[in-house]
Amino acid sequence: MNETFEIPNEEIISDSRKNLENLVQFRELLINLGINAQHSRIAKYINFFETLYKNSDFDPSKIFTEKHDDRFRTISDWTVYTLRECSELYWIYRALKIQMPKGIKEKLQIINSGKDFTAFDTNSTSRDTQFELRIASYFCKNDLIIDVSTETDIIVEFENFFLYIECKRIHSEKKLMRKIYEANDQLKSRMPKKRGNKPCYGIIAIDVTALAYPHQGLVFGVTSEHVRQLIREKLFYIASNINSGSVMAQNPRLLTIWENIHIPARKMQPPGIETFFSCNFISKQFQHRCEKQKFTQIRDIIEATIEESTKENIVRKLTFRKKISLPKEFVFEYNNSLLQQFFDNNEYIKKNWMDLDPICKAEYKEDKIYFSVLEFAMALDEIDGKNEIAKVDKFPLEILLNMLIKRFPYNEIGPKWLNSEED
């Protein structure tokens, strides 16, 4: 709770209208290829966002009629899960506008099927294929040739070598090494030493999202950088459980094991939801300069693709709030029952704060602001003294002001009356 993160002075805004437009165009691409996308899960995502823009007070279960659980309680929950599904489709469609790999129609036919949400897709073929196409999309450059039509998930032809890629989505720690060895065996059996006069090298790409986040939910962080750090920690932890030396020893032409996590996150500052594509390369100690050069070339292409995707973002400058003015009719109250639980079982409450009711409610006219246990704990740390129960008794307003400041640090975000001298 005591770790601090610098609050940014700008906000990245997702162009939701453009994203919807891209999703519609992606559906049209599928239809033009002869794929029945008019009533698929992709059509449901489009219907959801079109309805949301017109009226935020609707029942999404009328659109997503398949089974769902208590993770889908509010319109915000439905939006997060739908954004998660669509962000990978945006990524793939952006690449397909540059190049249509060989065998792409058959792959698109597969990803058009599947359950509405990844969390409920017990037959993983659709999402497995979607992951393969997302990995392929990093290489959709005009000077590379991509083939997804063979037994090998992806083959990329570079100017002076071929790259063979096997992709695996991993859902449990027990299957982590088993899946990696399976991919390695596939590479060894399918990848020749040379094609024509070009040498061949391999990569194992693994999606460890479900392993890192079994609930298939979202990450919570203070800032985007905080979220990236949390995801990196997950990637590094999983990497520590991979016996890469054994895998590399079995296949001298395997260049790297490429970890991937794709997860949405809710940030405190600036407030909002952002989708993160994060990766980590577990590589061997290269004995030959030519191997290291080829790995560097591959890594640079992947990183350039990630950087290129950020150029589409809309950035808004933000100014920091210098004061807060509370109008006379402003009132607030603490949840005394939850306060008692907080002090009786502090660590448990902090760990499970997302599932708990608000610990404080503030009101002004029609506006209601609810503060979480996490926000309360952070504000409490700002008040001097060791007796935390006494802090609430002596400084209830100071704690509230700290929560308000942390929730609304920007002039551009939050209730307008926080900036005013309104009575």
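Basis for what follows: all heavy atoms, side chains included, without hydrogens, waters or symmetry-related copies.
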Problem - Whether R134 side chain and I92 backbone form a donor-acceptor pair below 3.5 Å - result: no
Problem - Non-hydrogen side-chain atoms of S61 and T65 separated by less than 4.5 Å - result: no
Problem - Pairwise side-chain contact, I273 with L83, heavy-atom cut-off 4.5 Å (strictly under) - result: yes
Practice task
Would you please name every residue forming a ring pair (Phe, Tyr, Trp, His ring centres under 6.0 Å) with F286, sequence neighbours left out?
Solution key: F295
Exercise for the section: Output yes when R228 and E225 qualify as a salt bridge under the 4.0 Å nitrogen-oxygen rule, no when they do not. Expected result: yes
Practice task
Please name all residues satisfying ring pair (Phe, Tyr, Trp, His ring centres under 6.0 Å) with Y410, sequence neighbours left out, ordered by chain then number.
Solution key: F320
Problem - Set of ring pair (Phe, Tyr, Trp, His ring centres under 6.0 Å) partners for F64, sequence neighbours left out - result: F48, W78, F117
Problem - Inter- and intrachain pairs under salt bridge (Lys or Arg N to Asp or Glu O under 4.0 Å), touching residues 331-341, at least two apart - result: E333-K361
Practice task
Output, in order, the C-alpha distance, side-chain angles, deciding distance and verdict of salt bridge (charged side-chain N to carboxylate O under 4.0 Å, His left out) for K406 and E382.
Solution key: CA-CA 11 Å; K406 290 181 183 297; E382 299 291 327; 3.4 Å; yes
Practice task
Determine yes or no for a side-chain-to-main-chain donor-acceptor pair under 3.5 angstrom, with N184 supplying the side chain and V247 the backbone.
Solution key: yes
Handout entry: Polar side-chain atom of T256 near backbone of I282 as donor-acceptor pair, under 3.5 Å
Key = yes
Exercise for the section: Could I get the full list of side-chain hydrogen bond (donor to acceptor under 3.5 Å, both in side chains) partners for T150, not counting sequence neighbours? Expected result: none
Exercise for the section: State which residues pass side-chain hydrogen bond (donor to acceptor under 3.5 Å, both in side chains) with T82; sequence neighbours excluded, sorted by chain then number. Expected result: none
Exercise for the section: Answer whether the closest heavy-atom distance between the side chains of T209 and H171 falls below 4.5 Å. Expected result: no
Handout entry: Evaluation steps, side chain to side chain donor-acceptor pair (under 3.5 Å), between H262 and T275
Key = CA-CA 7 Å; H262 163 220; T275 300; 5.2 Å; no
Handout entry: Any donor-acceptor N/O pair, E106 side chain to S149 backbone, under 3.5 Å
Key = no
Handout entry: Whether Q99 side chain and L144 backbone form a donor-acceptor pair below 3.5 Å
Key = yes
Practice task
Just jot down the side-chain hydrogen bond (donor to acceptor under 3.5 Å, both in side chains) partners of S137, sequence neighbours excluded, or say none.
Solution key: W91
Exercise for the section: Not counting sequence neighbours, which residues clear side-chain contact (heavy atoms from CB on, under 4.5 Å) with Q340? List them please. Expected result: D344
Practice task
Identify, with sequence neighbours excluded, every residue that meets ring pair (Phe, Tyr, Trp, His ring centres under 6.0 Å) alongside F376.
Solution key: F342
Practice task
Not counting sequence neighbours, which residues clear side-chain hydrogen bond (donor to acceptor under 3.5 Å, both in side chains) with Y201? List them please.
Solution key: none
Fill in the blank from the handout: So the salt bridge (Lys or Arg N to Asp or Glu O under 4.0 Å) pairs with at least one residue in residues 271-282 (sequence neighbours excluded) are K267-E274
Problem - Expected output: side-chain K391 to main-chain L380 donor-acceptor under 3.5 Å - result: yes
Practice task
Could you note down all residue pairs passing side-chain hydrogen bond (donor to acceptor under 3.5 Å, both in side chains) where residues 23-40 supplies at least one of them, sequence neighbours left out?
Solution key: E21-Q25, Q25-Y93, S40-N112
Exercise for the section: Flag the pair C140 / P101 as yes when at least one side-chain heavy-atom distance between them is below 4.5 Å, and no otherwise. Expected result: yes
Practice task
Determine yes or no for a side-chain-to-main-chain donor-acceptor pair under 3.5 angstrom, with E85 supplying the side chain and T118 the backbone.
Solution key: yes
Exercise for the section: Keeping the roles fixed (side chain from N251, backbone from M248), state whether a donor-acceptor pair exists under 3.5 Å. Expected result: no
Problem - E166: which of I203, I206, I135, L187 passes side chain to side chain contact (heavy atoms under 4.5 Å, CB included) - result: L187
